[in-house]
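Here's the structure we're looking at; comments come further down.
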Amino acid sequence: MKVLVIDDSRAMRMILKTTLRELGHEVSEASNGQEGLDVLKSSGPFALALVDWNIPLVNGYEFVCKVRADPAYAAMKMVMVTTEVETSQVAKALGAGANEYVMKPFTKDILRDKIEMLAAA
């Protein structure tokens with residue numbers, strides 16, 4: 001599966017990239033939401049995007065809204081991977097079109113299970 005990871009933390013991008021590659025996925029990355037949109041347009045389509053909420057330029061919520069507004073990306077699944085744990089934030093992300101929500105810190109098993117569930121949907 002082709003996956004786009006968007007997180008401003010270089011360490012978190014490395015963790016996600018390593019984990020995803022171990023699970024057999026092809027990974028591209030971006031350090032902010034605008035870069036994520038640019039990578040999506042230049043290197044897409046992607047089956048899945050893992051997006052942090054608190055990223056510069058275009059935050060994760062705004063990224064989800066922009067992607068969901070473009071029918072070309074209707075099939076792409078999106079997972080918010082973030083430290084935002086408030087129920088209102090989770091509801092806001094899911095309401096905007098995120099398919100799942102993973103809270104940091106997470107385990108490889110949690111990530112694998114979410115991806116497998118989305119792939120089967």
Side-chain angles (χ1 to χ4, degrees):
M1 179 184 302
K2 195 170 173 184
V3 182
L4 175 59
V5 171
I6 307 170
D7 199 301
D8 59 328
S9 164
R10 186 171 171 267
M12 182 54 63
R13 286 195 314 273
M14 184 60 70
I15 290 166
L16 286 166
K17 188 167 53 172
T18 300
T19 302
L20 290 164
R21 286 185 176 156
E22 287 173 1
L23 294 171
H25 303 291
E26 178 186 339
V27 183
S28 294
E29 62 183 284
S31 61
N32 64 64
Q34 184 58 56
E35 185 182 351
L37 291 169
D38 295 343
V39 171
L40 186 61
K41 288 177 183 162
S42 66
S43 302
F46 290 88
L48 174 67
L50 301 178
V51 186
D52 184 20
W53 190 294
N54 298 304
I55 50 177
L57 302 181
V58 174
N59 70 37
Y61 172 76
E62 294 166 338
F63 178 87
V64 169
C65 291
K66 288 177 183 286
V67 169
R68 287 296 178 233
D70 189 335
Y73 306 114
M76 186 173 76
K77 307 289 186 186
M78 288 188 280
V79 178
M80 295 296 290
V81 181
T82 183
T83 57
E84 295 293 333
V85 296
E86 294 206 19
T87 307
S88 62
Q89 296 290 81
V90 175
K92 186 175 179 179
L94 296 174
N99 300 92
E100 277 295 330
Y101 203 95
V102 173
M103 293 176 195
K104 295 176 187 175
F106 56 87
T107 65
K108 180 179 178 179
D109 291 338
I110 289 171
L111 198 59
R112 184 195 65 236
D113 291 349
K114 293 282 186 181
I115 292 170
E116 287 176 358
M117 183 191 67
L118 288 171

State plainly whether one hydrophobic cluster holds both [X] and [Y], where clusters connect Ile, Leu, Val, Met, Phe, Trp and Tyr through side-chain heavy atoms under 4.5 angstrom apart.
X	Y	answer
Tyr73	Val3	no
Val81	Leu57	no
Phe46	Leu20	no
Leu50	Val27	yes
Val79	Leu4	no

[X] to [Y] - nearest heavy-atom pair and separation:
X	Y	answer
Tyr101	Ala93	CE1-CB, 3.8 Å
Gly97	Val64	C-CG1, 3.8 Å
Cys65	Ala96	SG-CB, 3.8 Å
Gly60	Met80	C-CE, 3.9 Å
Arg68	Ala74	NH1-O, 3.8 Å
Met76	Ala49	CE-CB, 4.0 Å

message: I'd like to know whether Asp109 forms a salt bridge (Lys or Arg N to Asp or Glu O under 4.0 Å) with Arg112, so could you lay out the CA-CA distance, the side-chain angles of the two residues, the decisive distance to 0.1 Å, and finally the verdict.
response: CA-CA 5 Å; Asp109 291 338; Arg112 184 195 65 236; 2.9 Å; yes
message: I'd like to know if the side chain of Lys2 and the backbone of Ser43 have a donor-acceptor N/O pair within less than 3.5 Å.
response: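 Yes, Lys2 side chain to Ser43 backbone: donor-acceptor pair under 3.5 Å.
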Would you compute the distance between atom [atom1] of [X] and atom [atom2] of [Y] and round it to the nearest 0.5 angstrom?
X	Y	atom1	atom2	answer
Asp113	Leu118	CG	CG	11.0 Å
Lys66	Leu40	NZ	CG	12.5 Å
Lys114	Leu48	NZ	CG	12.0 Å
Lys17	Met14	NZ	CE	4.5 Å
Asn32	Asp7	CG	CG	11.0 Å
Arg21	Glu26	CZ	CD	8.5 Å

- request: Take Ile110 and Met103 through the side-chain contact (heavy atoms from CB on, under 4.5 Å) test and state the conclusion after the steps.
  value: CA-CA 10 Å; Ile110 289 171; Met103 293 176 195; over 6 Å; no
message: Assess the residue pair Asp52 and Lys104 against the criterion (side-chain contact (heavy atoms from CB on, under 4.5 Å)); give the C-alpha distance rounded to whole Å, side-chain angles, the decisive distance to 0.1 Å, and a yes or no.
response: CA-CA 10 Å; Asp52 184 20; Lys104 295 176 187 175; 3.6 Å; yes
query: What do the steps show when you test Thr82 against Asn54 for side-chain contact (heavy atoms from CB on, under 4.5 Å), and what is the final call?
result: CA-CA 8 Å; Thr82 183; Asn54 298 304; 4.3 Å; yes
Residue Glu86 excluded, over 12 heavy atoms near CD under 6.0 Å: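 Count not over threshold, so no.
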